[in-house]
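All remarks here apply to the structure that follows.
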Amino acid sequence: DSVISDRLKLTQYCRAQFSQIFSLYSDPDNTVMNSLETNQGEVIASVTDADGCRHTLRPVHDTGVIGEVQQFFKDRSLYIADGHHRYTTALAYRESIRAEKGKLAKDDPANHIMMYICPMEDPGLSVLSTHRLVDYPGRLLVADLLSRIEPFVDVEEVKGGTREVIVAEVLSRMDELEQSNSPGASTFGVYHAGEDRCFLVTLKNNAAEQLGSKPGELKELDVVILSELLIEKALELDHDRIEQENLVRYYPDPDEAMDVAVKEEALDEKMTPILFLMNPTRVKQVQAVADQNLIMPHKSTYFYPKIMTGLLFNQLVEGEKIARLD
């Protein structure tokens with residue numbers, strides 16, 4: 001994997017980690033954050049990013065408080081929300097240091113990685129949607145598209161406004177249905193740029209059974225249902241072809257995705273852009289998948305706000321010992 005290889009070379013050369021892994025943990029009583037915020041020091045750095053989010057660093061020096069936080073996490077699980085490549089790179093770096101030095105002490109810096117950890121219950125934590133723009137090879141009329149997907153979903157066309165208004169209405173309806181539906185009921189938006197038409201689609205009862213022997217935690221994920229039922233089965237685009245021909249792109253902003261689809265439709269007569277609008281994956285779904293030692297599908301979560309790269313470095317200093325709670 002070139003992404004891992006490039007990150008590993010950077011870490012080996014600089015002997016430092018440049019960005020944190022973004023991880024989640026469960027803390028309904030907000031024990032950790034209450035303790036840290038009560039004992040935090042003065043601001044040592046603060047910066048506003050391009051989205052207007054302010055990132056602030058405050059140190060905690062109280063060793064008693066730090067020990068309490070360490071004790072809290074001793075037997076708890078952390079769930080990687082963003083940074084799987086960074087984590088894999090850290091493992092590869094540790095193996096490279098082992099190859100140089102032999103057995104590593106537990107407190108060696110190579111056995112550790114910098115993390116940003118956030119409680120799942122934090123009201124400031126947002127999980128945004130990642131919409132899929134599919135470049136279907138060839139021309140596909142709306143009538144043909146609907147005939148392909150209707151074995152799996154119920155379809156309702158949404159009309160009455162500009163494309164921006166209609167897409168916004170579909171997203172609002174999707175959110176309402178997501179809040180009211182029981183687990184396993186999935187909704188999507190489908191925008192066909194060629195005919196400028198948009199649809200609200202809802203998974204048919206028992207359609208998820210066509211996912212076969214997949215674990216139940218994965219069958220409940222919208223991204224799995226979309227990928228395997230609507231894209232692979234209905235549109236007959238398998239994973240290998242999608243990867244080789246780069247037929248699917250991912251957009252957090254639905255308006256940007258829609259603009260790209262409209263422009264592509266006008267410029268390329270050999271393909272049909274189809275935009276699938278997604279609800280965000282729920283944090284509890286991420287936890288359920290991880291608890292079963294399963295892996296979330298590609299681009300299934302988009303946690304916001306993002307942690308800035310470069311605001312904090314972790315130098316991997318030779319001979320340094322990391323304070324541990326063993």
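Checking Asp82 against Tyr302 by side-chain atom types alone, no donor-acceptor pair falls below 3.5 Å. No side-chain N or O of Ser129 forms a donor-acceptor pair with one of Asn279 less than 3.5 Å apart. Asp222 and Ser186 share a donor-acceptor pair across their side chains, judged by distance under 3.5 Å alone.
At a threshold of 4.5 Å between non-hydrogen side-chain atoms, the residues Val142 and Leu146 count as touching. Here the side chains of Ile44 and Pro59 are in contact, with some heavy-atom distance below 4.5 Å. In this structure, the side chains of Leu125 and Leu24 come closer than 4.5 Å at one or more pairs of heavy atoms. Counting heavy atoms from C-beta outward, Ser26 and Glu121 have side chains that approach closer than 4.5 Å. Considering only heavy atoms from C-beta on, Leu140 comes within 4.5 Å of Leu235 through its side chain.
When the side chains of ILVMFWY residues are joined at heavy-atom separations under 4.5 Å, either directly or via intervening members, Met115 and Met308 end up in two distinct hydrophobic clusters. If you chain together hydrophobic residues whose side chains sit under 4.5 Å apart, Ile242 and Val190 fall into the same group. Cluster membership for Ile231 and Val224, using ILVMFWY side-chain heavy atoms within less than 4.5 angstrom, is shared. Following chains of ILVMFWY side-chain contacts shorter than 4.5 Å, one cannot reach Leu311 starting from Ile117, and the two form parts of different hydrophobic clusters.
Val165 belongs to no multi-residue hydrophobic cluster, having no ILVMFWY side-chain contact under 4.5 Å with any other such residue. When hydrophobic side chains of Ile, Leu, Val, Met, Phe, Trp and Tyr are connected at separations under 4.5 Å, Phe313 ends up clustered with Leu10, Phe18. Think of Leu141 as one node in a network of Ile, Leu, Val, Met, Phe, Trp and Tyr side chains linked at under 4.5 Å; it has no links at all.
For the side chain to side chain donor-acceptor pair (under 3.5 Å) test, residues two or more places apart in sequence or in another chain that qualify with Asn34 are Asn30. The side chain to side chain donor-acceptor pair (under 3.5 Å) check on Lys284 picks up Gln287, with sequence neighbours excluded. Residues that satisfy the side chain to side chain contact (heavy atoms under 4.5 Å, CB included) test with Asp259, not counting sequence neighbours, are absent from this structure. Residues passing the side chain to side chain donor-acceptor pair (under 3.5 Å) test with Asp62, sequence neighbours excluded: none.
Among residues at least two apart or in separate chains, there is no salt bridge (Lys or Arg N to Asp or Glu O under 4.0 Å) pair with a member in residues 34-57. Under the ring-ring contact (aromatic ring centres under 6.0 Å, His included) criterion, no residue pair touches residues 131-180, with sequence neighbours excluded. Contacts classified as salt bridge (Lys or Arg N to Asp or Glu O under 4.0 Å) and involving residues 92-103 (residues at least two apart or in different chains) are given here: Arg15-Glu100, Glu95-Arg98, Lys101-Asp108, Lys101-Glu318. Applying the ring-ring contact (aromatic ring centres under 6.0 Å, His included) definition to pairs two or more places apart or across chains, those involving residues 20-39 are Phe22-Tyr116, Phe22-Phe303, Tyr25-Phe73. Legend: ring-ring contact (aromatic ring centres under 6.0 Å, His included) pairs involving residues 247-293, not counting sequence neighbours, sorted by first then second residue: Tyr250-His298.
To the nearest 0.5 Å, atom CZ of residue Arg282 and atom CG of residue Leu221 are 8.5 Å apart.
Each of Val170, Leu200, Ile225 was compared with Phe188 under the side-chain contact (heavy atoms from CB on, under 4.5 Å) criterion, and only Ile225 meets it. Screening Val248, Ile274, Leu275, Leu277 against Arg132 for a side-chain contact (heavy atoms from CB on, under 4.5 Å) leaves a single residue, Val248. Partner Glu228 forms a side-chain hydrogen bond (donor to acceptor under 3.5 Å, both in side chains) with one of Lys214, Gln210, Lys233 and no other, that one being Lys214.
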Q: Give the C-alpha distance, both sets of side-chain angles, the deciding distance and a yes or no for salt bridge (charged side-chain N to carboxylate O under 4.0 Å, His left out) between Lys204 and Glu150.
A: CA-CA 9 Å; Lys204 290 181 182 290; Glu150 281 178 338; over 6 Å; no
